[in-house]
Amino acid sequence: MKIGIIGQGYVGLTISVFAGKHFQVVGFDNNARIVDQLNLGISHIEGVESLALKSLIASGSYIATNDGLDLSDVDIVVIAVPTPLTKNRQPDLEFIDAACKTIGENARNPLLVINESTSFPGTLRNYIKPAIEKYSKNLIEHLYAISPERVDPGRKDFNQKNTPRLYSGLTPEASRKTREFYSKFCDNLVEVSSPEVAEAAKLFENTFRQVNIALVNEFAQIAHSLGVSVYETLDAANTKPYGFMKFSPSAGVGGHCIPVDPTYLATVAEEHGAPATFIRRANEVNLEMSEYIVRRVAADNGGNLQGKNVLVVGVAYKPNVADVRETAAELVIEHLRSNGAVVSWHDDVVGNWKGESSAPLQGADIAVVVTKHDSVDEKKILASAPYVFDTTGKVKGAKGL
Ligand SMILES: NC(=O)c1ccc[n+]([C@@H]2O[C@H](COP(=O)([O-])OP(=O)(O)OC[C@H]3O[C@@H](n4cnc5c(N)ncnc54)[C@H](O)[C@@H]3O)[C@@H](O)[C@H]2O)c1
């Protein structure tokens with residue numbers, strides 16, 4: 001069987017490498033630079049080893065392409081393109097639409113279309129299927145299914161093989177074929193009764209995280225105002241063996257999923273006349289954390305950051321990855337600058353970001369740790385400035401939440 005995977009980013013390339021061990025994979029991406037790199041066996045995604053890619057290329061099991069014609073004879077096509085928000089923070093299905101166009105215009109035979117991109121319930125049935133049919137000139141009847149991706153980039157203990165995977169087709173045949181495909185490289189497949197349940201479950205998983213992170217971020221502020229250690233309190237609560245799950249406070253949420261997916265759920269809820277106040281407020285609390293942190297740093301430094309050299313340590317949205325999408329560091333830097341601070345940042349995992357390079361971890365008046373990569377030495381962080389504020393809870397001896 002030949003599998004086309006549209007989008008060769010975090011999700012698409014990860015799937016390509018797992019699927020490539022069992023099928024012939026065509027990795028389609030509209031970014032020519034990524035395609036060229038991939039064909040040289042160079043992975044741009046954490047957790048996908050270049051060596052694994054090279055061996056798939058050598059065995060003829062993988063090619064990358066930006067030519068839609070290469071998808072014309074695939075048996076299954078997986079959609080793994082971004083689903084961001086528009087400037088007005090509305091679901092943006094522009095990339096999904098482009099993927100549907102590629103499929104509709106190029107598929108010569110009936111195939112199974114599986115969506116892995118995160119979106120609101122009804123996307124497969126009411127958006128993807130009609131869009132592919134609209135772009136298809138030969139009126140082919142395809143099969144359609146959803147299997148939302150749950151990959152956590154950089155994570156070692158859970159991967160495609162051992163993370164349970166939800167799926168559902170628009171028809172029983174689509175469900176059966178989807179199961180056959182994933183069962184080659186995933187041990188635990190969970191069929192749900194409709195694509196809408198799978199789509200809703202994915203959004204709810206990430207909303208659960210967003211809301212709990214907001215709750216713990218709000219609690220960090222409460223604990224500080226009461227003069228109680230937030231970390232000790234959370235550890236104490238976490239001794240309860242049931243009914244409690246520990247989340248950690250931070251400068252806010254980042255990445256492509258947690259700050260974005262709940263807004264998909266809130267939007268669709270409101271369109272159907274259901275309340276989404278909790279979800280909306282959680283998003284605000286997380287966004288406000290950067291301002292709160294800058295207020296705390298200013299208060300500890302005579303109430304004024306004017307002209308102070310502030311080094312933000314760690315700008316990736318989470319430890320040990322180079323991903324800066326929606327990173328909380330961006331808002332922290334913005335608030336520091338609007339308070340008159342002269343801001344640079346240190347993050348050798350990220351290297352370059354927004355036209356700036358990682359600065360040395362030394363010589364600042366103030367350091368604010370937003371993300372602590374394992375490779376960054378705690379002692380060096382403490383020595384980088386006379387005042388260090390740590391938002392991660394990992395730098396012992398620093399000021400913190
Ligand atoms: N990254 C994660 O941890 C994660 C986890 C679960 C689900 N998801 C979801 O998976 C989807 C993909 O996310 P990602 O993190 O892999 O994104 P990504 O930005 O890493 O990769 C997307 C890739 O798609 C390509 N692309 C965009 N439009 C295209 C088009 N029309 N045709 C071909 N290629 C196109 C881009 O060039 C890019 O390489 C999103 O819906 C996301 O919410 C992501």
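Numbering of ligands and ligand atoms starts at 1, following listing order. FYI, side chains are in, hydrogens and waters are out, and symmetry mates aren't considered; it's all heavy atoms of this structure.
- A cation-pi arrangement is present between Lys21 and Phe18 under the rule of less than 6.0 angstrom and at most 45 degrees off the ring axis.
- The immediate protein surroundings of ligand 1, defined as residues with any heavy atom under 4.0 Å of it, consist of Ile6, Gly7, Gln8, Gly9, Tyr10, Val11, Phe28, Asp29, Asn30, Asn31, Ile34, Ala80, Val81, Pro82, Thr83, Phe95, Ala98, Ala99, Ser117, Thr118, Glu149, Val151, Pro153, Lys202, His256, Cys257, Arg325.
- Side-chain contact annotation: Ser117 with Ser119, donor-acceptor N/O pair under 3.5 Å absent.
- Two residues are said to be in side-chain contact when any heavy atoms from C-beta on lie closer than 4.5 Å; Thr391 and Ser250 fail this criterion.
- Residues Ala214 and Asn286 approach most closely at CA-OD1, 3.2 Å, considering heavy atoms.
- Phe208 and Phe247 have perpendicular rings, their planes meeting at more than 60° on a 0 to 90° scale where under 30° would count as parallel.
- A distance of 10.5 Å separates CD of Glu334 from CD of Glu291, quoted to the nearest 0.5 Å.
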